Amino acid sequence: MSARSAVPRPVDASAWDAPVHTEPRKGSSLEMIGQSPAMHRIFRLVSKVAPTESPVLITGESGTGKELIAHAIHLQSRRSNRPFVAVNSSAIPEDLLESELFGYVKGTFTGATVDRPGLMQVADHGTLFLDEIAEMAARLQAKLLRALQNGEIRQLGGRESIRVDIRVIAATNRDLKRALAEGKFREDLYYRLNVFHIELPPLRERREDIPLLANWFREKFAREQEKKVTGFAEDAQMNLMHYDYPGNVRELENIVERAVVLTEGGQITAVDLPLEVRKPGIPLLGRGAAFPYSEGLTLAQLEAEHIRRVLVHTAGNTTKAAKSLGISRSTLWRKMKEYGL
(Lines give C-alpha, C1' and ligand atoms only; values in the text may rest on other atoms or scores of the structure.)
Protein backbone atom coordinates (compact mmCIF):
# COMPACT_ATOMS: atom_id res chain seq x y z
CA MET A 1 0.00 0.00 0.00
CA SER A 2 1.27 3.46 -0.84
CA ALA A 3 2.13 5.74 2.04
CA ARG A 4 0.08 8.41 0.28
CA SER A 5 -3.64 8.44 -0.30
CA ALA A 6 -4.77 9.60 -3.72
CA VAL A 7 -8.21 10.71 -2.60
CA PRO A 8 -8.47 11.40 1.15
CA ARG A 9 -11.90 11.95 2.60
CA PRO A 10 -12.62 15.67 2.88
CA VAL A 11 -12.21 17.22 6.32
CA ASP A 12 -13.41 20.68 7.25
CA ALA A 13 -10.37 22.98 7.40
CA SER A 14 -11.73 24.49 10.61
CA ALA A 15 -10.97 21.18 12.33
CA TRP A 16 -7.32 22.28 12.49
CA ASP A 17 -8.31 25.38 14.46
CA ALA A 18 -10.70 23.68 16.86
CA PRO A 19 -9.66 23.58 20.54
CA VAL A 20 -8.22 20.27 21.65
CA HIS A 21 -10.60 18.46 23.97
CA THR A 22 -12.02 15.02 24.45
CA GLU A 23 -15.48 13.81 25.26
CA PRO A 24 -15.59 13.27 29.04
CA ARG A 25 -15.66 9.59 29.97
CA LYS A 26 -15.57 8.34 33.51
CA GLY A 27 -12.12 7.04 34.27
CA SER A 28 -10.93 7.18 30.68
CA SER A 29 -7.52 8.38 29.55
CA LEU A 30 -7.24 11.81 27.99
CA GLU A 31 -5.43 10.22 25.06
CA MET A 32 -8.59 8.40 23.96
CA ILE A 33 -9.06 10.99 21.25
CA GLY A 34 -11.37 10.78 18.28
CA GLN A 35 -14.34 12.44 16.65
CA SER A 36 -14.86 10.02 13.77
CA PRO A 37 -17.84 7.63 13.67
CA ALA A 38 -15.38 4.73 13.90
CA MET A 39 -13.91 5.99 17.17
CA HIS A 40 -17.27 6.91 18.66
CA ARG A 41 -18.26 3.29 18.03
CA ILE A 42 -15.09 2.13 19.85
CA PHE A 43 -15.89 4.42 22.80
CA ARG A 44 -19.41 2.96 23.01
CA LEU A 45 -18.04 -0.60 22.98
CA VAL A 46 -15.56 0.28 25.74
CA SER A 47 -18.31 1.77 27.91
CA LYS A 48 -20.46 -1.35 27.38
CA VAL A 49 -17.84 -3.98 28.16
CA ALA A 50 -15.85 -2.17 30.87
CA PRO A 51 -18.29 -2.76 33.78
CA THR A 52 -18.46 -6.49 33.00
CA GLU A 53 -15.98 -9.24 33.83
CA SER A 54 -15.84 -10.52 30.23
CA PRO A 55 -12.44 -11.18 28.65
CA VAL A 56 -11.71 -8.79 25.77
CA LEU A 57 -9.70 -9.35 22.60
CA ILE A 58 -8.44 -6.17 20.93
CA THR A 59 -7.12 -6.43 17.38
CA GLY A 60 -5.69 -3.89 14.99
CA GLU A 61 -2.54 -2.82 13.23
CA SER A 62 0.56 -1.76 15.15
CA GLY A 63 0.29 1.75 16.53
CA THR A 64 -3.53 1.95 16.63
CA GLY A 65 -3.67 2.22 20.44
CA LYS A 66 -4.58 -1.27 21.65
CA GLU A 67 -2.96 -0.85 25.09
CA LEU A 68 -4.62 2.54 25.46
CA ILE A 69 -8.04 0.97 24.90
CA ALA A 70 -7.21 -1.86 27.30
CA HIS A 71 -6.25 0.66 29.98
CA ALA A 72 -9.45 2.63 29.35
CA ILE A 73 -11.50 -0.56 29.88
CA HIS A 74 -9.68 -1.14 33.16
CA LEU A 75 -10.20 2.43 34.35
CA GLN A 76 -13.94 2.22 33.69
CA SER A 77 -14.30 -1.18 35.36
CA ARG A 78 -15.01 -2.23 38.94
CA ARG A 79 -11.32 -3.16 39.17
CA SER A 80 -10.10 0.38 38.45
CA ASN A 81 -8.51 0.83 41.90
CA ARG A 82 -6.58 -2.45 41.52
CA PRO A 83 -3.46 -3.14 39.40
CA PHE A 84 -3.35 -2.92 35.61
CA VAL A 85 -0.44 -5.15 34.58
CA ALA A 86 0.73 -5.12 30.95
CA VAL A 87 2.86 -7.91 29.45
CA ASN A 88 4.29 -7.87 25.93
CA SER A 89 4.42 -11.52 24.89
CA SER A 90 6.73 -10.85 21.93
CA ALA A 91 9.31 -8.84 23.87
CA ILE A 92 10.20 -11.53 26.43
CA PRO A 93 11.88 -14.91 25.61
CA GLU A 94 9.68 -17.96 26.21
CA ASP A 95 11.45 -19.27 29.35
CA LEU A 96 11.63 -15.84 30.91
CA LEU A 97 7.99 -15.10 30.03
CA GLU A 98 6.87 -18.21 31.90
CA SER A 99 8.68 -17.16 35.07
CA GLU A 100 7.44 -13.56 34.65
CA LEU A 101 3.81 -14.66 34.37
CA PHE A 102 3.72 -17.45 36.94
CA GLY A 103 6.59 -16.58 39.29
CA TYR A 104 9.02 -19.02 40.88
CA VAL A 105 10.13 -20.33 44.25
CA LYS A 106 13.60 -20.06 45.72
CA GLY A 107 16.09 -22.57 44.30
CA THR A 108 14.09 -23.37 41.13
CA PHE A 109 17.01 -22.36 38.93
CA THR A 110 20.40 -20.68 39.21
CA GLY A 111 19.85 -17.14 40.39
CA ALA A 112 16.48 -17.83 42.03
CA THR A 113 17.65 -16.77 45.48
CA VAL A 114 14.20 -15.72 46.74
CA ASP A 115 10.57 -16.54 46.05
CA ARG A 116 9.18 -14.21 43.41
CA PRO A 117 5.48 -13.72 42.61
CA GLY A 118 4.48 -13.76 38.94
CA LEU A 119 2.66 -10.97 37.15
CA MET A 120 -0.59 -12.96 37.35
CA GLN A 121 -0.28 -12.71 41.15
CA VAL A 122 0.61 -9.03 40.93
CA ALA A 123 -2.57 -8.50 38.87
CA ASP A 124 -4.76 -10.32 41.43
CA HIS A 125 -8.18 -8.59 41.65
CA GLY A 126 -7.06 -6.33 38.79
CA THR A 127 -6.53 -6.57 35.03
CA LEU A 128 -3.84 -8.48 33.13
CA PHE A 129 -3.17 -7.10 29.64
CA LEU A 130 -1.48 -9.63 27.36
CA ASP A 131 -0.15 -7.74 24.35
CA GLU A 132 0.96 -9.56 21.18
CA ILE A 133 -0.76 -12.70 22.45
CA ALA A 134 -0.31 -14.43 19.07
CA GLU A 135 3.45 -14.53 19.64
CA MET A 136 3.13 -16.70 22.77
CA ALA A 137 4.65 -20.18 22.44
CA ALA A 138 2.24 -23.15 22.26
CA ARG A 139 3.44 -24.61 25.59
CA LEU A 140 2.75 -21.33 27.37
CA GLN A 141 -0.62 -21.01 25.66
CA ALA A 142 -1.66 -24.31 27.23
CA LYS A 143 -0.46 -23.25 30.68
CA LEU A 144 -2.20 -19.88 30.39
CA LEU A 145 -5.45 -21.58 29.35
CA ARG A 146 -5.38 -23.85 32.42
CA ALA A 147 -4.78 -20.86 34.68
CA LEU A 148 -7.70 -18.93 33.17
CA GLN A 149 -10.03 -21.93 33.33
CA ASN A 150 -9.20 -22.86 36.91
CA GLY A 151 -8.53 -19.41 38.34
CA GLU A 152 -5.28 -20.60 39.85
CA ILE A 153 -1.59 -20.81 39.01
CA ARG A 154 1.41 -22.78 40.14
CA GLN A 155 4.78 -21.08 40.41
CA LEU A 156 7.82 -22.62 38.74
CA GLY A 157 9.22 -25.10 41.23
CA GLY A 158 6.14 -24.76 43.44
CA ARG A 159 3.95 -27.58 44.71
CA GLU A 160 0.84 -25.68 45.71
CA SER A 161 -1.69 -23.91 43.54
CA ILE A 162 -2.37 -20.23 44.18
CA ARG A 163 -5.81 -18.71 43.58
CA VAL A 164 -5.89 -15.58 41.40
CA ASP A 165 -8.80 -13.37 40.43
CA ILE A 166 -7.89 -11.49 37.27
CA ARG A 167 -9.63 -10.05 34.28
CA VAL A 168 -7.73 -10.72 31.05
CA ILE A 169 -7.55 -8.38 28.08
CA ALA A 170 -5.50 -9.63 25.13
CA ALA A 171 -4.34 -7.87 21.99
CA THR A 172 -2.66 -8.72 18.71
CA ASN A 173 -1.89 -7.17 15.34
CA ARG A 174 -2.05 -10.58 13.67
CA ASP A 175 -4.95 -12.46 12.10
CA LEU A 176 -5.73 -14.98 14.85
CA LYS A 177 -8.14 -16.96 12.67
CA ARG A 178 -5.32 -17.52 10.21
CA ALA A 179 -3.03 -18.50 13.09
CA LEU A 180 -5.70 -21.01 14.16
CA ALA A 181 -5.85 -22.50 10.67
CA GLU A 182 -2.05 -22.76 10.59
CA GLY A 183 -1.97 -24.47 14.00
CA LYS A 184 0.01 -21.63 15.59
CA PHE A 185 -2.63 -20.66 18.12
CA ARG A 186 -4.82 -22.86 20.32
CA GLU A 187 -8.49 -22.84 19.41
CA ASP A 188 -9.64 -23.30 23.02
CA LEU A 189 -7.54 -20.34 24.17
CA TYR A 190 -8.86 -18.23 21.29
CA TYR A 191 -12.45 -18.78 22.39
CA ARG A 192 -11.54 -18.21 26.03
CA LEU A 193 -10.09 -14.79 25.13
CA ASN A 194 -12.41 -13.76 22.33
CA VAL A 195 -15.58 -13.26 24.38
CA PHE A 196 -15.81 -9.58 23.43
CA HIS A 197 -13.92 -8.42 20.35
CA ILE A 198 -12.87 -4.83 19.59
CA GLU A 199 -11.26 -4.13 16.21
CA LEU A 200 -9.37 -0.83 16.07
CA PRO A 201 -9.40 0.92 12.68
CA PRO A 202 -6.13 2.16 11.15
CA LEU A 203 -5.63 5.92 11.09
CA ARG A 204 -5.97 6.05 7.30
CA GLU A 205 -9.60 4.94 7.70
CA ARG A 206 -10.45 7.75 10.14
CA ARG A 207 -8.73 10.77 8.67
CA GLU A 208 -11.15 13.15 10.34
CA ASP A 209 -9.29 12.36 13.58
CA ILE A 210 -5.90 13.51 12.23
CA PRO A 211 -6.34 17.25 13.03
CA LEU A 212 -7.49 16.50 16.58
CA LEU A 213 -4.66 14.03 17.22
CA ALA A 214 -2.01 16.19 15.57
CA ASN A 215 -2.99 19.23 17.63
CA TRP A 216 -3.09 17.20 20.84
CA PHE A 217 0.44 15.91 20.19
CA ARG A 218 1.59 19.42 19.19
CA GLU A 219 0.38 20.87 22.48
CA LYS A 220 1.88 17.98 24.45
CA PHE A 221 5.37 18.24 22.93
CA ALA A 222 5.37 22.05 22.86
CA ARG A 223 4.75 21.96 26.63
CA GLU A 224 7.47 19.40 27.20
CA GLN A 225 10.00 21.33 25.13
CA GLU A 226 8.83 24.72 26.41
CA LYS A 227 8.30 26.05 22.89
CA LYS A 228 5.50 28.24 21.57
CA VAL A 229 4.07 26.31 18.63
CA THR A 230 0.59 27.59 17.84
CA GLY A 231 -0.53 25.33 15.01
CA PHE A 232 0.07 23.85 11.56
CA ALA A 233 0.55 25.85 8.36
CA GLU A 234 -1.72 24.97 5.44
CA ASP A 235 0.99 23.05 3.57
CA ALA A 236 1.66 20.90 6.66
CA GLN A 237 -2.07 20.26 7.10
CA MET A 238 -2.38 19.10 3.49
CA ASN A 239 0.57 16.73 3.74
CA LEU A 240 -0.56 15.27 7.06
CA MET A 241 -4.06 14.64 5.69
CA HIS A 242 -2.77 12.87 2.55
CA TYR A 243 -0.28 10.55 4.25
CA ASP A 244 -1.39 6.97 4.97
CA TYR A 245 0.47 6.33 8.27
CA PRO A 246 1.64 2.70 8.07
CA GLY A 247 2.64 3.15 11.75
CA ASN A 248 -0.77 4.63 12.57
CA VAL A 249 -1.24 6.95 15.58
CA ARG A 250 2.20 6.10 16.95
CA GLU A 251 3.77 7.28 13.70
CA LEU A 252 1.73 10.50 13.72
CA GLU A 253 2.91 11.14 17.27
CA ASN A 254 6.55 10.68 16.20
CA ILE A 255 6.06 12.96 13.19
CA VAL A 256 4.60 15.75 15.31
CA GLU A 257 7.26 15.42 18.01
CA ARG A 258 9.96 15.73 15.35
CA ALA A 259 8.20 18.72 13.81
CA VAL A 260 7.96 20.52 17.16
CA VAL A 261 11.69 20.00 17.65
CA LEU A 262 12.55 21.29 14.16
CA THR A 263 10.18 24.23 13.72
CA GLU A 264 11.75 27.65 14.05
CA GLY A 265 8.55 29.67 13.83
CA GLY A 266 5.22 29.73 15.57
CA GLN A 267 3.72 27.20 13.15
CA ILE A 268 4.74 23.78 11.89
CA THR A 269 5.24 23.87 8.11
CA ALA A 270 5.77 21.15 5.52
CA VAL A 271 9.53 21.68 5.78
CA ASP A 272 9.37 20.38 9.36
CA LEU A 273 7.80 17.07 8.26
CA PRO A 274 9.72 13.91 7.28
CA LEU A 275 10.49 13.38 3.60
CA GLU A 276 7.98 10.59 3.08
CA VAL A 277 5.18 12.77 4.42
CA ARG A 278 6.10 15.70 2.18
CA LYS A 279 6.88 13.79 -1.00
CA PRO A 280 4.41 11.58 -2.88
CA GLY A 281 5.77 8.07 -3.24
CA ILE A 282 4.97 4.39 -3.57
CA PRO A 283 6.64 1.49 -1.78
CA LEU A 284 7.68 -0.46 -4.86
CA LEU A 285 8.68 0.62 -8.36
CA GLY A 286 6.81 -0.73 -11.32
CA ARG A 287 6.89 0.03 -15.02
CA GLY A 288 5.97 3.66 -15.53
CA ALA A 289 5.84 4.32 -11.78
CA ALA A 290 7.20 7.49 -10.22
CA PHE A 291 10.42 7.30 -8.19
CA PRO A 292 9.32 7.40 -4.51
CA TYR A 293 12.38 9.33 -3.27
CA SER A 294 13.97 12.66 -4.10
CA GLU A 295 16.51 12.38 -6.91
CA GLY A 296 18.76 14.73 -4.90
CA LEU A 297 19.63 12.05 -2.34
CA THR A 298 23.02 10.35 -2.36
CA LEU A 299 23.09 6.57 -2.48
CA ALA A 300 23.91 6.41 1.25
CA GLN A 301 21.08 8.83 2.07
CA LEU A 302 18.72 6.78 -0.10
CA GLU A 303 19.64 3.57 1.73
CA ALA A 304 19.28 5.22 5.14
CA GLU A 305 15.89 6.71 4.27
CA HIS A 306 14.57 3.40 2.91
CA ILE A 307 15.72 1.50 6.02
CA ARG A 308 14.04 4.11 8.20
CA ARG A 309 10.75 3.76 6.25
CA VAL A 310 10.79 -0.02 6.57
CA LEU A 311 11.46 0.25 10.32
CA VAL A 312 8.50 2.61 10.67
CA HIS A 313 6.31 0.24 8.62
CA THR A 314 7.28 -2.72 10.84
CA ALA A 315 6.83 -0.65 14.03
CA GLY A 316 10.52 -1.10 14.89
CA ASN A 317 10.52 -4.90 14.58
CA THR A 318 14.06 -5.53 13.33
CA THR A 319 13.39 -9.18 12.43
CA LYS A 320 10.52 -8.23 10.10
CA ALA A 321 12.46 -5.24 8.76
CA ALA A 322 15.51 -7.35 7.93
CA LYS A 323 13.33 -9.90 6.14
CA SER A 324 11.59 -7.16 4.15
CA LEU A 325 14.95 -5.62 3.18
CA GLY A 326 16.44 -8.99 2.22
CA ILE A 327 19.38 -8.72 4.63
CA SER A 328 20.41 -10.41 7.86
CA ARG A 329 19.42 -8.95 11.21
CA SER A 330 23.09 -8.34 12.08
CA THR A 331 23.57 -6.41 8.82
CA LEU A 332 20.51 -4.34 9.61
CA TRP A 333 21.84 -3.51 13.08
CA ARG A 334 25.18 -2.50 11.56
CA LYS A 335 23.51 -0.20 9.05
CA MET A 336 21.23 1.28 11.72
CA LYS A 337 24.32 2.13 13.77
CA GLU A 338 26.11 3.49 10.71
CA TYR A 339 23.23 5.80 9.79
CA GLY A 340 22.31 6.76 13.35
CA LEU A 341 18.89 5.08 13.18
Side-chain angles (χ1 to χ4, degrees), residues 1-23 30-43 60-65 68 199-222 227-284 289-294 305 308-313 315:
M1 179 179 292
S2 170
R4 307 284 297 192
S5 173
V7 187
R9 290 195 295 272
V11 173
D12 187 350
S14 64
W16 287 94
D17 302 319
V20 179
H21 67 278
T22 56
E23 178 184 340
L30 178 61
E31 295 185 44
M32 275 184 64
I33 296 174
Q35 58 190 4
S36 64
M39 288 309 295
H40 279 297
R41 176 178 173 274
I42 297 297
F43 298 152
E61 296 178 8
S62 293
T64 48
L68 191 65
E199 172 76 24
L200 296 186
L203 186 55
R204 63 183 174 273
E205 293 181 6
R206 54 181 186 106
R207 294 184 186 275
E208 51 267 70
D209 290 333
I210 292 173
L212 194 64
L213 287 162
N215 274 314
W216 196 90
F217 291 134
R218 171 185 57 79
E219 291 188 1
K220 171 188 174 184
F221 294 121
K227 292 182 71 173
K228 186 176 181 181
V229 184
T230 59
F232 295 86
E234 188 175 345
D235 58 352
Q237 296 175 17
M238 181 187 69
N239 280 280
L240 289 171
M241 291 303 299
H242 280 73
Y243 187 58
D244 264 348
Y245 301 97
N248 290 291
V249 178
R250 185 185 297 124
E251 184 180 6
L252 174 60
E253 180 178 14
N254 293 343
I255 288 169
V256 175
E257 181 177 10
R258 176 185 186 273
V260 170
V261 170
L262 290 177
T263 188
E264 296 179 353
Q267 284 195 321
I268 291 170
T269 69
V271 175
D272 302 315
L273 303 177
L275 182 64
E276 70 271 17
V277 179
R278 291 186 278 128
K279 296 287 186 181
I282 53 176
L284 296 174
F291 188 61
Y293 299 95
S294 168
E305 179 63 14
R308 192 187 71 78
R309 289 194 194 193
V310 173
L311 286 168
V312 168
H313 184 69

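Everything quoted here is computed from the prediction, not taken from an experiment.
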For this session: Compare every heavy atom of Asn248 with every heavy atom of Arg204, then report the nearest pair and how far apart it is.
Result: NH1-OD1, 4.5 Å
Problem set entry | More than 12 heavy atoms of other groups within 6.0 Å of Glu199 CD | yes
Problem set entry | Residues forming a side chain to side chain contact (heavy atoms under 4.5 Å, CB included) with Asp235, sequence neighbours excluded | Ala233, Thr269, Ala270
Seminar exercise, completed: Here the pair of heavy atoms bringing Leu213 nearest to Ile33 is CD2-CB, 3.9 Å
Exercise. Less than 4.0 Å between a side-chain N and a carboxylate O, is that true for Glu305 and Arg308?
Worked result: yes
Problem set entry | Identified side-chain contact (heavy atoms from CB on, under 4.5 Å) partner of Phe232 from the options Asn239, Leu240, Leu273 | Leu240
For this session: Examine distances only and state if a side-chain atom of Arg218 and a backbone atom of Val229 form a donor-acceptor pair shorter than 3.5 Å.
Result: yes
For this session: Say whether Asp209 and Ser36, considering side chains only, have a donor N or O and an acceptor N or O under 3.5 Å apart.
Result: yes
For this session: Check step by step if side-chain contact (heavy atoms from CB on, under 4.5 Å) holds for Glu276 and Ile255.
Result: CA-CA 11 Å; Glu276 70 271 17; Ile255 288 169; 5.6 Å; no
For this session: Check whether any side-chain heavy atom of Leu200 lies under 4.5 Å from a side-chain heavy atom of Arg206, and answer yes or no.
Result: no
Exercise. Do Glu253 side-chain atoms and Phe217 backbone N/O form a donor-acceptor pair below 3.5 Å?
Worked result: no
Exercise. Can you name the closest pair of heavy atoms from Ile210 and Leu252 and give their distance?
Worked result: O-CD2, 4.3 Å
Exercise. At their closest point, which heavy atom of Glu61 faces which heavy atom of Pro246, and how far apart are they?
Worked result: OE1-O, 4.4 Å
Exercise. Do the side chains of Met241 and Pro211 get nearer than 4.5 Å, heavy atoms only?
Worked result: yes
Exercise. Quick one: does Thr263's side chain get under 4.5 Å of Lys227's, heavy atoms only?
Worked result: yes
Exercise. Which atom pair, heavy atoms only, marks the closest approach of Arg207 to Tyr243?
Worked result: NH1-O, 2.8 Å
